[in-house]
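A, B, ... follow the sequence lines: proteins, then strands. Residue 1 opens every chain.
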2 protein chains.
Amino acid sequence: MHGFKVDGYNEAFLAEITVSTVVAREVRMDEKDLALIRELTENGRASLTELGRKLGITDVAVKKRLRKLERAGVIKKYTVEVDPSKLGYKSVALIGIDVEPEKILDVASKIASKDFAVKVYLTTGDHMIMVEAWARDNKHLTQIIGEIGSTEGVKRVCPAIVLEKLK
Amino acid sequence: MHGFKVDGYNEAFLAEITVSTVVAREVRMDEKDLALIRELTENGRASLTELGRKLGITDVAVKKRLRKLERAGVIKKYTVEVDPSKLGYKSVALIGIDVEPEKILDVASKIASKDFAVKVYLTTGDHMIMVEAWARDNKHLTQIIGEIGSTEGVKRVCPAIVLEKLK
DNA sequence: ATTGAAACACGACACAT
DNA sequence: ATGTGTCGTGTTTCAAT
């Protein structure tokens, strides 16, 4: 026995969700593919030659594997991780949004089209939409919250300001 | 007047948060730096030459700018964005965690060290810790939730299963 | 801007499933 | 047959002068 509560779910519900999950075409992945992704996660600009050295295969073989992973959709894109505060976004927030159920997609896509929205998730749980928003400062964040709140179909806006990112 | 509620904050509180924010050393950034970051966000493996073409500067100039941005900490790392479901993680969740206030850092760093934790945020708001967790399936997710819940100092675990990622 | 070295692209071929 | 590998050759890109 432990002294914590779990909010909202039981195993039967979780099992049910599985059924509605779209089954993706399986991709054959071996150890080297996983190692490749691990390396690229740490240094997405590593050269094919360098990657090959680490895996014990040639640069050409690496290139072929990458193409395979890209075409299979395992690798969605190569990108760069930046520090929002150094870019002038001093106020980052995770914002939960409660909406009228029939308007979820409307609201979500409208919000996803905004500049402040860095990531948008549709979820089960308390809030149906979760947004990571980058604001210049808290005044700007307040304005963003107002903008979200005044969107047709939105019932409640629950902002959580990010104090620190550990991982 | 709008028919939505905002959870937990008012402007005075937001203003107060600003004070405790660590002031980062400012970095001088011009339009080209921002464009560079925009390009790299879309294709983190673009060659210096290609980046230079788009900005109307030479590859060497691009390299210098990148080095500056890396050393200033604006660019934290180059990485790759993958599709968790194609990697065998069929169940992704955003998990809010309520903890006893004095144990936030303990709990957060313990959770950040786990394999399932892809991202960990410390936040204000309902939950003091927010985790993005990748689980193989819902059974695995249930196990992860249990693992979090039985961590010393955790009072409540609020999982939200990600149904879709829009952005 | 030049230049030598490194990295990359592409074709041809080999081997395994 | 399709996927994965190496090798050779020519081209591009990189970094340091």
Side-chain angles (χ1 to χ4, degrees), chain A residues 21-84 86-87, chain B residues 24-92 115 118 134 136-137:
Chain A
T21 300
V22 176
V23 176
R25 197 171 31 281
E26 279 304 326
V27 191
R28 237 190 303 280
M29 300 258 301
D30 63 9
E31 269 315 312
K32 289 198 199 296
D33 289 321
L34 292 175
L36 212 39
I37 286 174
R38 236 179 291 123
E39 289 298 332
L40 285 171
T41 301
E42 290 315 309
N43 178 13
R45 280 182 79 81
S47 73
L48 301 182
T49 317
E50 190 184 335
L51 293 168
R53 250 198 315 274
K54 296 204 177 165
L55 302 210
I57 57 182
T58 67
D59 54 350
V60 182
V62 171
K63 180 67 182 171
K64 286 183 182 178
R65 279 174 183 270
L66 289 188
R67 237 215 307 265
K68 178 191 70 178
L69 294 171
E70 289 158 12
R71 301 219 285 140
V74 178
I75 291 177
K76 292 202 287 189
K77 72 172 175 179
Y78 303 95
T79 186
V80 64
E81 216 178 286
V82 299
D83 180 337
K86 300 251 168 96
L87 276 179
Chain B
R25 191 160 54 291
E26 280 303 326
V27 190
R28 235 191 305 279
M29 301 259 301
D30 64 9
E31 269 314 312
K32 291 203 197 291
D33 288 321
L34 292 175
L36 210 41
I37 286 173
R38 237 180 289 122
E39 289 298 330
L40 285 172
T41 301
E42 289 315 308
N43 178 14
R45 283 183 75 82
S47 73
L48 302 182
T49 317
E50 190 183 336
L51 292 168
R53 249 199 316 275
K54 298 206 175 163
L55 302 209
I57 58 181
T58 69
D59 54 350
V60 178
V62 172
K63 180 66 182 173
K64 282 187 191 166
R65 282 173 183 269
L66 288 188
R67 219 182 341 241
K68 178 191 70 180
L69 294 171
E70 290 158 10
R71 307 186 82 229
V74 178
I75 291 177
K76 293 200 289 187
K77 72 172 173 178
Y78 303 94
T79 186
V80 64
E81 216 178 284
V82 300
D83 180 338
S85 87
K86 300 252 166 92
L87 276 180
Y89 298 99
K90 306 294 188 188
S91 190
V92 172
D115 278 342
V118 175
W134 288 12
R136 289 186 298 280
D137 49 37

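What separates CG of A/D30 from P of C/dA16 is a distance of 17 Å, to the nearest Å. A straight line from CG of B/L66 to P of D/dT13 spans 16 Å, rounded to a whole angstrom. Per the geometry, CG belonging to A/D33 stands 8 Å off P belonging to D/dT4, to the nearest Å. When the P atom of D/dC14 is taken as reference, atom CZ of B/R67 falls 13 Å away, rounded to whole Å. Remark: C1' of D/dT4 and NZ of A/K32 are 12 Å apart, rounded to the nearest angstrom.
With DNA chain C read from its 5' end, the first of the two nearest nucleotides for A/K63 and B/V60 is the one closest to B/V60.
When the side-chain nitrogen and oxygen atoms of A/K68 are compared with OP1 and OP2 of D/dT4, one or more of them lie within a distance under 4.0 Å. Considering only side-chain N and O atoms, A/R65 lies under 4.0 angstrom from the phosphate OP1 or OP2 of D/dG5.
Looking only at distances, a side-chain donor or acceptor of B/D33 sits under 3.5 Å from a matching main-chain atom of B/D30. The main-chain N or O of A/G44 is found under 3.5 Å from a side-chain atom of B/R45 such that the two form a donor-acceptor pair. At distances below 3.5 Å, not a single donor-acceptor pair connects side-chain atoms of B/K77 with backbone N or O atoms of A/N43. Remark: the backbone N or O of B/S85 is paired with a side-chain donor or acceptor of B/K90 at under 3.5 angstrom.
Here the straight-line distance linking atom CD1 of B/I37 with atom CZ of B/R65 works out to 11.0 Å at 0.5 Å rounding.
Counting distance only, with no hydrogens placed and no angle test, the side-chain atoms of A/K64 and the base atoms of D/dG5 include a donor-acceptor pair under 3.5 Å.
Near-neighbour residues of DNA chain C inside residues 38-58 of chain A, defined by a heavy atom below 4.0 Å, number-ordered: A/S47, A/L48, A/T49.
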Ignoring hydrogens and angles, write down the donor-acceptor pairs under 3.5 Å from the side chains of residues 48-55 of chain B, residues two or more places apart or on other chains.
from	atom 1	to	atom 2	distance (Å)
B/K54	NZ	B/E39	OE1	3.4

